[in-house]
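Reminder, nothing fancy here: chain letters follow the sequence lines and each chain counts from 1. These numbers come from a predicted model, not from an experiment.
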2 protein chains.
Amino acid sequence: METPRQRARKQTMDDIVRLGREQLATVTPTELSLRGIARELGIVSSAIYRYVKDRDELLTLLIVDAYDELGATVEDAVAAASRRSPRARALVACQAVRAWALREPSRFALLFGTPVPGYAAPADRTVEPGTRVPAVLLALLEEAHRSGELEPPSGPLPRPVRRDMEEIRREYGLTVPSASLARGIGLWSALVGAVSFEVFDQYGPDTFADPGAFFDLHLESLITAVGF
Amino acid sequence: METPRQRARKQTMDDIVRLGREQLATVTPTELSLRGIARELGIVSSAIYRYVKDRDELLTLLIVDAYDELGATVEDAVAAASRRSPRARALVACQAVRAWALREPSRFALLFGTPVPGYAAPADRTVEPGTRVPAVLLALLEEAHRSGELEPPSGPLPRPVRRDMEEIRREYGLTVPSASLARGIGLWSALVGAVSFEVFDQYGPDTFADPGAFFDLHLESLITAVGF
DNA sequence: TAGAAAGCAAGAGCACTGCTCACATTTGTC
DNA sequence: GACAAATGTGAGCAGTGCTCTTGCTTTCTA
């Protein structure tokens with residue numbers, strides 16, 4: 001049961017998110033212009049507030065939108081490689097993150113770049129989509145462990161780290177050893193760091209003729225460190 | 001030979017940078033308000049343009065300021081540990097980066113977060129201060145190699161990566177092997193990633209009771225991967 | 001089916017921003 | 001002391017987020 005009004009509203013909301021996404025290509029998240037969206041929507045500037053409470057609300061919509069697309073992309077890539085080893089699929093997942101980020105630099109920046117000051121993402125709407133990619137990596141880690149393919153990193157685990165890891169293991173019902181979990185989390189942050197460097201041009205100018213090759217090498221090293 | 005006027009100008013410039021730095025604590029780089037600085041300076045809004053050409057110019061001043069402080073901090077920390085091994089000093093350098101970033105989150109974000117769209121840092125003013133920290137790490141790598149403490153990573157180096165690394169080695173006159181150099185660059189990006197995660201709160205909420213302990217562990221793993 | 005309620009759009013207005021320009025004042029130098 | 005450069009002033013333009021009042025249209029309900 002969908003009244004014309006509801007359909008029109010849904011359409012307008014979609015348009016708003018789409019136009020916001022387009023704005024992000026040329027503008028930083030803090031500079032998102034509600035007036036600009038209204039203008040392109042062919043609507044007077046104040047009317048936009050019928051759909052979006054304020055700029056923070058728009059930000060939330062775009063964040064969820066981006067997280068969902070990234071999550072789906074990575075999940076699809078991993079699913080398409082379902083017959084390969086956990087290690088190989090982890091590589092695929094990380095490469096999918098990089099590829100998406102290079103395709104959507106501003107949306108990657110929205111998710112992993114400088115947070116907008118004064119804006120706190122509402123946990124009830126962003127946490128779930130935001131954990132999809134880490135969840136994929138964790139699941140692979142867990143699978144590798146269960147099938148005996150995971151070799152636990154050597155070296156002792158400092159007590160405070162062990163405590164934190166055990167807390168996480170309990171919370172998510174993981175069986176993977178704490179040391180491996182810690183490396184896994186490290187992989188996640190290092191991955192985002194490496195992608196950020198490329199997307200934000202943090203390596204010097206023209207450092208790499210073939211950045212993809214460097215990324216893959218770096219990634220292998222990181223994944224090996226996890227024990228995959 | 002310094003006229004009072006020149007002295008006053010210098011003073012005003014310093015005040016502008018200081019006030020800009022203070023603004024950065026509550027506001028993203030794109031939101032820096034020249035008018036706000038003028039107001040706090042007790043000067044009419046248009047007068048600020050006698051000192052700073054436009055907002056981009058202010059950005060450049062703040063970027064150089066931040067890079068210089070970070071660079072000096074890391075160099076000092078390493079110098080204070082001059083009697084320790086290159087590996088130990090590399091650890092110290094990375095920890096100094098983290099400590100500075102946690103102390104100055106918004107300035108860290110200015111350097112390593114989302115770039116301001118439409119703003120291109122003038123290379124002639126930012127490259128030198130921006131490479132101070134990587135230069136420290138590279139020097140340590142070089143030193144470790146010369147003293148035979150560096151064990152080259154195993155595994156073959158893909159040809160495109162090797163070419164890129166050799167280009168860099170030539171450019172900077174490095175003797176460190178290409179494979180080690182590649183790991184070193186990887187360390188740099190992973191380091192920034194790990195620090196970003198903490199500064200930008202990218203780990204879940206309350207993931208770590210002791211983030212420092214986790215960071216140190218992660219760092220050891222990264223530095224070991226380099227071969228230090 | 002009539003009327004109330006809810007939804008949507010318009011336009012004016014406030015306080016803020018970056019930046020420019022014509023003008024006035026101060027300051028250092030010949 | 002005269003002149004020029006450096007500095008400060010105030011008005012103004014175009015843009016922003018956001019609020020409020022006013023009017024119209026669609027939907028729900030008695």
Would you tabulate the pairs of protein nitrogen or oxygen atoms and nucleotide nitrogen or oxygen atoms of nucleotides 24-30 of chain D closer than 3.5 angstrom?
unit_1, atom_1, unit_2, atom_2, d
D:dT27, OP1, A:R5, N, 3.1

Name the first nucleotide and the last nucleotide along DNA chain C (5' to 3') that come under 4.0 Å of a heavy atom in chain A.
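Span of nucleotides near chain A: C:dG7 to C:dG13.
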Give me the residues of residues 37-55 of chain A where at least one heavy atom lies under 4.0 Å from an atom of DNA chain D, by number, or none.
A:R39, A:S45, A:S46, A:Y49, A:D54, A:R55
Below 4.0 angstrom, which residues in residues 17-36 of chain B have at least one non-hydrogen atom near DNA chain D?
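Here the set is B:R35.
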Where does the angle between the aromatic ring planes of B:F197 and A:W188 fall among parallel (under 30°), tilted (30 to 60°) and perpendicular (over 60°)?
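B:F197 and A:W188: perpendicular rings.
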Is [X] salt-bridged to [Y], going by a charged N under 4.0 Å from an acidic O?
| X | Y | answer |
| --- | --- | --- |
| B:R163 | B:E167 | no |
| B:E166 | B:R170 | no |
| A:E143 | A:R89 | yes |

Residues A:F200, A:V195; criterion side-chain contact (heavy atoms from CB on, under 4.5 Å); working and verdict:
CA-CA 8 Å; A:F200 299 160; A:V195 173; over 6 Å; no
Using residues 216-223 of chain B as the side-chain source, report each donor-acceptor pair under 3.5 Å to any protein atom, sequence neighbours left out, with the distance given to one decimal.
unit_1, atom_1, unit_2, atom_2, d
B:D216, OD1, B:Q95, NE2, 2.9
B:E220, OE1, B:R87, NH2, 2.8

So which atom in A:V176 and which in A:L141 form the shortest heavy-atom distance, rounded to 0.1 Å?
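Scanning both residues completely, I find the closest heavy atoms to be CG2-CG, 3.8 Å.
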So, A:E31 side chain and A:T28 main chain: donor-acceptor pair closer than 3.5 Å or not?
yes
Could you check whether any side-chain N or O of A:D164 sits under 3.5 Å from a backbone N or O of B:D210, counting only pairs where one atom can act as donor and the other as acceptor?
yes
Is NZ or CZ of B:R98 both nearer than 6.0 Å to the six-membered ring centre of B:F215 and within 45° of the ring axis?
yes
Report, one line per pair, each donor and acceptor closer than 3.5 Å where one atom sits in a side chain of residues 110-125 of chain B; sequence neighbours left out.
unit_1, atom_1, unit_2, atom_2, d
B:T114, OG1, A:T114, N, 3.0
B:Y119, OH, B:T60, OG1, 2.6
B:R125, NH2, B:E57, OE2, 3.4

Heavy-atom distance under 4.5 Å between the side chains of B:M165 and A:F208, does that happen here?
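A side-chain contact exists here, since the closest heavy-atom pair is under 4.5 Å.
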